[in-house]
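Below: one structure, written as structure tokens.
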Amino acid sequence: MSKVLIQNIRKSYDNVEVIHGIDVEIKEGEFVALVGPSGCGKSTLLRMIAGLESINSGEIIIGNRVVNDIAPKDRDIAMVFQNYALYPHMTIRKNMGFALKQRKLPAKEINQRVHEAAEILGLTEYLDRKPRALSGGQRQRVAMGRAIVRNPTVFLFDEPLSNLDAKLRVQMRSELKELHQRLSTTTIYVTHDQVEAMTLSDRVVVMNNGRIEQIGAPLELYDHPQSLFVAAFIGSPQMNFFNGKLDDNKSLVLSKELKLNLGKQFAQADTDVIIGVRPEHLVLAEKGWPCEVVVVEPTGSETQITARLAGNTLRVLLRGRTTVQPGDKVFVSAEPVSIHVFLASTNKRLHLS
Ligand code: ADP
């Protein structure tokens, strides 16, 4: 396994810059997800690491080598794509060993590596089948097997689970995590799905419009989003947001009639801000923010309540069940630590005084 350094990488297509100077350091053995909405540049960045796209400026270093001018096949990486493109006329055994055969490895070694990978992936009994006789999940495992047999120093994954149905995606996600725990190969994983990024990775790189918004461990992003973008992107259901004004640097003026005590003190006063609070961090309380219940949606294990708070829509996610009804007047509250405050002029997190 190798570390990967991405240093001030820029990329333009037809004079339009789509990657605006990105720096990331991926440690040996680390699992890092690149996540962001469609078009933010994550696949382009991954393909530049793989050597499938040229770089306009900056450096990519794998291990101790600058690989900018090294061909993809010589970068010691293996890539798994969303479209796993197995050869339909070849058995699983041949599909998995194909790259090694091209590299002219001895048949005995190919056989051994294919068997080891098949064992890890639970594919041993399918080795003599053709891809059409496998399920979608098994085919995706073969695509991973093809990468594993090459014993690369870095795995690159480009949305590998997107073609699978929801149930299989969850199962393959935990298989992938187990695989990484077992092999500890440095992994860079592109996905638009924040849950996938959060559950799989040691660290997540959140991208927006060709730039990095924030890099951090999954729970660091969840607990301390540094921008409105990250706050809105990470977490499901989405964080609630309201615009207001910090008045005496401790409370938020939401409307003429309503002032919310935030329970903590900020350096700024008389400042336009956006406050955010996650639905799962709100509870029904004896006192707090006065709301009117609009919709109650029970799922058994939890209940989602949609309410109005001074003209704003507020979602509350309760564990378990509730007796509240649409039209009820209730109070909700959150611990001060769960209330995030962003400066309206920059959309960046506001820090405590
Ligand atoms: P993501 O993987 O996050 O969805 P991409 O890396 O595919 O985003 O694309 C980033 C940006 O680069 C987008 O604006 C996309 O339209 C543009 N882009 C990607 N590939 C090409 C290409 N071959 N030619 C021109 N523009 C491209």
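Each ligand, and each atom within it, is numbered from 1 in the order the structure gives. If you read the sequence from its start, that first residue is 1, and numbering goes on from there.
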Nearest non-hydrogen atom to atom 8 (O) of ligand 1 belongs to which of S38, G41, S43, S12? G41

Tell me the contacting part of T44 for ligand 1: side chain, backbone, both, or neither, using a 4.0 Å heavy-atom threshold, strictly below. both

G36 heavy atom under 4.0 Å from ligand 1: no

Any atom of ligand 1 sitting under 4.0 Å from a heavy atom of G210? no

Distance below 4.0 Å between atom 21 (C) of ligand 1 and any protein heavy atom?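 Protein heavy atoms within 4.0 Å of atom 21 (C) of ligand 1 - there is at least one.
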
Distance below 4.0 Å between atom 4 (O) of ligand 1 and any protein heavy atom? yes

Specify the protein heavy atom at minimum distance from atom 26 (N) of ligand 1: its residue, its atom name, and the distance to 0.1 Å.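 Protein heavy atom with the smallest distance to atom 26 (N) of ligand 1: Y13 CD1, 3.3 Å.
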
Which heavy atom of the protein is the closest neighbour of atom 13 (C) of ligand 1, given with residue, atom name and distance? G39 O, 3.7 Å

If you measure only the distance, is there a donor-acceptor pair under 3.5 Å linking the side chains of T186 and E28?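 Per modelled atom types, T186 and E28 side chains form no pair under 3.5 Å.
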
P37: numbered ligand 1 atoms lying under 4.0 Å from its heavy atoms: 3 (O)

Can you find an N/O atom of K42 closer than 3.5 Å to an N/O atom of ligand 1? yes

Report yes if V18 has an N/O atom closer than 3.5 Å to an N/O atom of ligand 1; otherwise report no. no

Hey, is the main chain of [Y] close enough, under 3.5 Å, to the side chain of [X] for a donor-acceptor pair?
X	Y	answer
K259	S251	no
R113	G97	no
N240	R315	yes
R75	V67	yes

What is the minimum heavy-atom distance between G136 and L168, and which atoms define it?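 Answer, listing the atom of G136 first, then L168: C-CD2, 4.2 Å.
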
Working for salt bridge (charged side-chain N to carboxylate O under 4.0 Å, His left out), residues R173 and E196: CA-CA 7 Å; R173 197 171 78 197; E196 222 168 272; 6.0 Å; no

Just say parallel, tilted or perpendicular for the rings of Y222 and H281, cut-offs at 30° and 60°.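 Y222 and H281: perpendicular rings.
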
